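Because only heavy atoms are used, hydrogens play no part in the values below, and waters and symmetry mates are left out as well, while side chains stay in. Values in this document were obtained by computation on a predicted structure and should not be read as measured data.
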Amino acid sequence: SNITDPTGWSRYHGSILNGRGKSKLALINAYLPCNSDSGTSLWQQQLDSLIAEGHPDDVCPWTVAVNDLMATLDTLPGGTSIILCGDLNVTLKDTGRPSGTVGSEERARRKVLLRACAERGLVDLWEALHPGKVAWTRQLRQDAAAGCSHIDHVLVSDSLVSANALRMGVLTGETINASDHRLLLL
């Protein structure tokens, strides 16, 4: 069956795959809005819509997206393993930015996501498989660390990590890439 964003904004989508016996795997791709967008951007469109729905003027579309996504995960059948991946527009550690530091807004968003993941038994697959190793998943320029970050993630049920069922890599060195994000290999 399909997993869809109930708002119609397509912030996330996925499928539930049936395995052997009663096992199920939810594979979900997400794009969580970025507040560096401006004007008529996705962030602004969602902000305007949320305010029109009665949210306060300082509502954060990113936090609403995370809460909606987690509420959707909470409706999955019991025992469903989860692979959640995509451009989440937040670092999970300070080393996710070349400077090693992040601002208070990003730190607050990180805390929201990490708490939500912990409550659902989701772990950062990159960190689980490559502890302490830095990998840039977004790079604005091919030859410079400036503009790099680790904001694309694969978050998985901890049972998949403990079962040693997954491997992960980040494709680097590609010569032609229409995106500023690197391909995550799972």
Side-chain angles (χ1 to χ4, degrees), residues 1-18 24-77 80-92 96 105-106 108-126 135-140 147 149-157 160 166 168 170-171 174 176-186:
S1 64
N2 290 327
I3 298 167
T4 58
D5 179 353
T7 66
W9 289 335
S10 299
R11 300 169 297 181
Y12 55 89
H13 60 274
S15 295
I16 299 175
L17 309 173
N18 294 312
K24 295 185 182 302
L25 173 69
L27 182 57
I28 304 158
N29 182 48
Y31 172 78
L32 301 181
C34 176
N35 68 341
S36 66
D37 296 336
S38 61
T40 60
S41 70
L42 181 61
W43 178 276
Q44 191 62 51
Q45 291 170 16
Q46 290 181 15
L47 180 61
D48 293 344
S49 201
L50 290 166
I51 291 170
E53 292 172 5
H55 288 271
D57 290 351
D58 64 348
V59 65
C60 175
W62 186 93
T63 302
V64 172
V66 169
N67 291 338
D68 290 350
L69 174 57
M70 294 303 154
T72 297
L73 295 183
D74 292 344
T75 67
L76 296 175
T80 301
S81 296
I82 298 169
I83 298 176
L84 168 61
C85 57
D87 180 357
L88 305 185
N89 275 310
V90 69
T91 60
L92 299 181
E105 284 184 21
E106 183 169 357
R109 289 194 307 265
R110 173 194 302 162
K111 187 175 179 180
V112 167
L113 182 60
L114 290 175
R115 183 178 332 119
C117 287
E119 290 169 358
R120 289 158 185 84
L122 298 176
V123 298
D124 175 12
L125 184 60
W126 180 262
W136 304 128
T137 63
R138 180 175 181 265
Q139 185 172 3
L140 295 177
S149 60
H150 189 141
I151 59 173
D152 305 275
H153 303 284
V154 178
L155 306 171
V156 302
S157 298
L160 294 174
L166 301 171
M168 180 182 172
V170 177
L171 184 62
E174 63 269 37
I176 299 175
N177 185 353
S179 174
D180 58 343
H181 294 265
R182 291 182 169 161
L183 181 63
L184 304 181
L185 305 169
L186 180 63

Identify the two heavy atoms, one from [X] and one from [Y], that lie closest to each other, and give their separation to 0.1 Å.
X	Y	result
Leu32	Ala65	CD2-CB, 3.7 Å
Arg109	Asn89	NH2-O, 4.1 Å
Ala26	Leu76	CB-CD1, 3.8 Å
Asn18	Lys24	OD1-NZ, 2.6 Å
Pro33	Trp62	O-CD1, 3.2 Å
Leu122	Ser157	CD2-N, 3.6 Å

Polar side-chain atom of [X] near backbone of [Y] as donor-acceptor pair, under 3.5 Å:
X	Y	answer
Thr63	Val59	no
Asn29	His13	no
Glu106	Thr91	yes

Find the distance between [atom1] ([X]) and [atom2] ([Y]) and round it off to the nearest 0.5 Å.
X	Y	atom1	atom2	answer
Leu155	Cys117	CG	SG	4.5 Å
Glu53	Thr7	CD	OG1	8.5 Å
Leu25	Leu17	CG	CG	5.5 Å
Leu50	Asp57	CG	CG	11.5 Å

Measuring only between side-chain heavy atoms, which start at C-beta, is Pro61 closer than 4.5 Å to Trp9?
no
Would you call His153 and Leu92 a side-chain contact if the rule is heavy atoms closer than 4.5 Å?
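His153 reaches Leu92 side chain to side chain.
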Taking it one step at a time, do Leu113 and Met70 satisfy side-chain contact (heavy atoms from CB on, under 4.5 Å)?
CA-CA 9 Å; Leu113 182 60; Met70 294 303 154; 4.1 Å; yes
Side-chain donor-acceptor pair under 3.5 Å between Thr4 and Asn2, yes or no?
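Distance-only check fails for Thr4 and Asn2.
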Heavy atoms of other groups near Glu105 CD, more than 12 under 6.0 Å:
no
